[in-house]
A.B. asks: 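Quick one: this structure, given as structure tokens, is what I'll be asking you about.
Keep in mind the model is a prediction, meaning the values are calculated, not measured.
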Amino acid sequence: MNLDFGFTDLSGTFSVLDVAIALLLAFACSLVVAWTYRASHRNISYSQSYVHTLIILGMIISLIMLVVGSNIARAFALVGALSVVRFRNAIKETRDVGFIFLVMGIGMACGTRFYTLAIIATVLVCGVILLMHRLNWFALDVQRQVVKVQVPADGEDRGPAIDDVLIRYTDEYELISTETVRGGALLEMAYTARLKKKVKPGTVIEALREVTSGQKATVLTGYDQTDM
């Protein structure tokens, strides 16, 4: 029986310069994407770890594409290996998924040596993102409030009276939840509403307290809370 213990290195299919250019370009382009994400982020869910992941992911995808090359069997083997990986971290915003796909596309372009494509795509896509952020495209300037009202759980239906107050002071409203509080002594109803122009939250609260036997009423506007 003839056993072959020879060592085979397939790295010769591409030069050290090819590897360096692909990985460094993937790093540079992913760095631009990460900076764009940071500059255009609006909410409080910003994560430094996520931004680092974008950069790492771009380089890893580039490396994977170098390994795969034009070998179909190798590509299927990598798909099978990666299919067992499970990520349990929830994506906080839908736009975060877009950035993941962007760095994946850039990494694929770098790994397959479409260097010009990777650079142009990075510049154009990031430019569009920054333009949309700068001009605040497609923003819906509608401010909604959450109105919470507590009423005694004594069997009396105060819903119509509350509806009258909300009709008077809001352009639209919708009941979103009803639950008991304080051991069932009170019934708390929560509404989403859009207050009419020049209507103050305090005015709504005073009107609600008149029909709820003086129980607690709350109007939440963004991060500001008015409570009486």
Side-chain angles (χ1 to χ4, degrees), residues 25-62 87-111 114-149 163 165-177 189-205 218-227:
L25 184 60
F27 169 74
C29 292
S30 299
L31 196 65
V32 174
V33 174
W35 178 85
T36 302
Y37 176 83
R38 181 179 182 275
S40 62
H41 197 277
R42 292 180 181 272
N43 298 327
I44 60 174
S45 59
Y46 177 81
S47 170
Q48 182 185 22
S49 175
Y50 173 78
V51 177
H52 289 174
T53 302
L54 290 177
I55 299 173
I56 296 170
L57 183 60
M59 298 182 70
I60 291 175
I61 295 296
S62 178
F87 298 97
R88 299 186 180 275
N89 287 348
I91 299 296
K92 297 181 177 65
E93 296 184 27
T94 53
R95 72 192 297 269
D96 291 356
V97 179
F99 280 93
I100 291 175
F101 277 103
L102 176 57
V103 295
M104 288 179 64
I106 291 171
M108 292 174 67
C110 293
F114 288 97
Y115 303 135
T116 303
L117 175 61
I119 295 172
I120 293 176
T122 301
V123 173
L124 289 182
V125 176
C126 291
V128 169
I129 294 171
L130 291 174
L131 181 65
M132 290 192 296
H133 172 73
R134 180 70 175 177
L135 300 180
N136 200 24
W137 284 358
F138 310 111
L140 184 61
D141 189 18
V142 176
Q143 187 178 34
R144 299 186 67 87
Q145 291 79 24
V146 175
V147 180
K148 292 184 177 181
V149 185
D163 289 339
V165 173
L166 294 177
I167 290 172
R168 193 187 324 154
Y169 293 108
T170 68
D171 290 323
E172 59 177 329
Y173 70 94
E174 180 182 2
L175 178 66
I176 56 176
S177 70
M189 293 174 287
Y191 300 81
T192 59
R194 183 155 57 93
L195 299 185
K196 293 181 178 180
K197 291 182 178 180
K198 299 183 180 180
V199 172
K200 302 297 183 182
T203 304
V204 180
I205 290 173
T218 305
V219 175
L220 299 171
T221 304
Y223 298 109
D224 297 328
Q225 176 173 325
T226 304
D227 190 356

A.B. asks: To the nearest 0.5 Å, what is the distance between CG (L124) and CG (L131)?
C.D. replies: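 Result: 12.0 Å between the selected atoms.
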A.B. asks: Given side chains that start at C-beta, do those of V219 and V146 come closer than 4.5 Å, heavy atoms only?
C.D. replies: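 They are not in contact (no side-chain heavy atoms under 4.5 Å apart), so the answer is no.
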A.B. asks: Would you find more than 12 non-hydrogen atoms of other residues, nucleotides or ligands less than 6.0 Å from R38 atom CZ?
C.D. replies: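 Incorrect, the count does not exceed 12.
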A.B. asks: If you look at every heavy atom in G58 and A26, which pair is closest and at what distance?
C.D. replies: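 Looking at all heavy atoms of both residues, the closest pair is O-CB, 3.8 Å.
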A.B. asks: Got a second to check how far T170's OG1 is from Q145's CD, nearest 0.5 Å?
C.D. replies: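 Rounded to the nearest 0.5 Å, the OG1-CD separation comes to 9.5 Å.
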A.B. asks: Any side-chain heavy atom of I129 within less than 4.5 Å of one from Y37?
C.D. replies: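 Not in contact.
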A.B. asks: Between the side chains of S40 and R134, is a donor N or O closer than 3.5 angstrom to an acceptor N or O?
C.D. replies: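 There is no such pair between these side chains.
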A.B. asks: Looking at F99 versus Y50, is the centre-to-centre ring distance below 6.0 Å?
C.D. replies: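 Distance test on ring centres: not under 6.0 Å, no.
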A.B. asks: With rounding to the nearest 0.5 Å, note down the distance linking SG in C29 to CG in L117.
C.D. replies: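 Answer for the SG-CG pair, C29 versus L117, is 10.0 Å.
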A.B. asks: Could you report the tightest heavy-atom contact between H41 and Y46, atom names first, then the distance?
C.D. replies: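 That would be CE1-N, 3.4 Å.
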A.B. asks: Ignoring hydrogens, what is the shortest heavy-atom contact between A190 and K148? Give both atom names and the distance.
C.D. replies: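 Looking at all heavy atoms of both residues, the shortest contact is CB-CG, 4.2 Å.
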A.B. asks: Any side-chain heavy-atom pair from V147 and Y173 closer than 4.5 angstrom?
C.D. replies: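 The answer is no, as the side chains (C-beta and beyond) never meet within the 4.5 Å cut-off.
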A.B. asks: Hey, is K196 close enough to D171 for a salt bridge, meaning N to O under 4.0 Å?
C.D. replies: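 No, no charged N to carboxylate O under 4.0 Å.
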A.B. asks: Enter the distance from L102:CG to L54:CG here, rounded to the nearest 0.5 Å.
C.D. replies: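 Between L102 CG and L54 CG, I get 8.5 Å after rounding to 0.5 Å.
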A.B. asks: With the side chain counted from C-beta on, respond yes when D96 and I100 share a heavy-atom pair under 4.5 Å apart, and no when they do not.
C.D. replies: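 They are not in side-chain contact.
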A.B. asks: Is any side-chain heavy atom of V204 less than 4.5 Å from a side-chain heavy atom of L195?
C.D. replies: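 The answer is yes; the side chains approach within 4.5 Å.
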A.B. asks: V51 and Q48: side-chain contact (heavy atoms from CB on, under 4.5 Å), yes or no, with the steps?
C.D. replies: CA-CA 5 Å; V51 177; Q48 182 185 22; 5.6 Å; no
A.B. asks: Work out which heavy atom in R42 is nearest to a heavy atom in H133; give both atom names and the distance.
C.D. replies: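 Nearest heavy atoms, R42 then H133: NH2-O, 3.0 Å.
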A.B. asks: Using 0.5 Å steps for rounding, measure from the OG1 atom of T53 to the CD1 atom of I60.
C.D. replies: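 The OG1 atom of T53 sits 9.0 Å away from the CD1 atom of I60.
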A.B. asks: What do the steps show when you test L57 against S30 for side-chain contact (heavy atoms from CB on, under 4.5 Å), and what is the final call?
C.D. replies: CA-CA 8 Å; L57 183 60; S30 299; over 6 Å; no
A.B. asks: Of all heavy-atom pairs between W35 and L130, which one has the smallest distance, and what is that distance?
C.D. replies: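 For W35 and L130, the tightest heavy-atom pair comes out as CZ3-CD1, 3.7 Å.
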A.B. asks: Can you tell me how far the CE atom of M108 sits from the CE atom of M104, to the nearest 0.5 Å?
C.D. replies: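 Those atoms lie 7.0 Å apart.
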A.B. asks: Grab the two heavy atoms, one from C110 and one from Y115, that are nearest each other, plus how far apart they are.
C.D. replies: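 Between these two residues, the closest heavy atoms are O-CE2, 3.5 Å.
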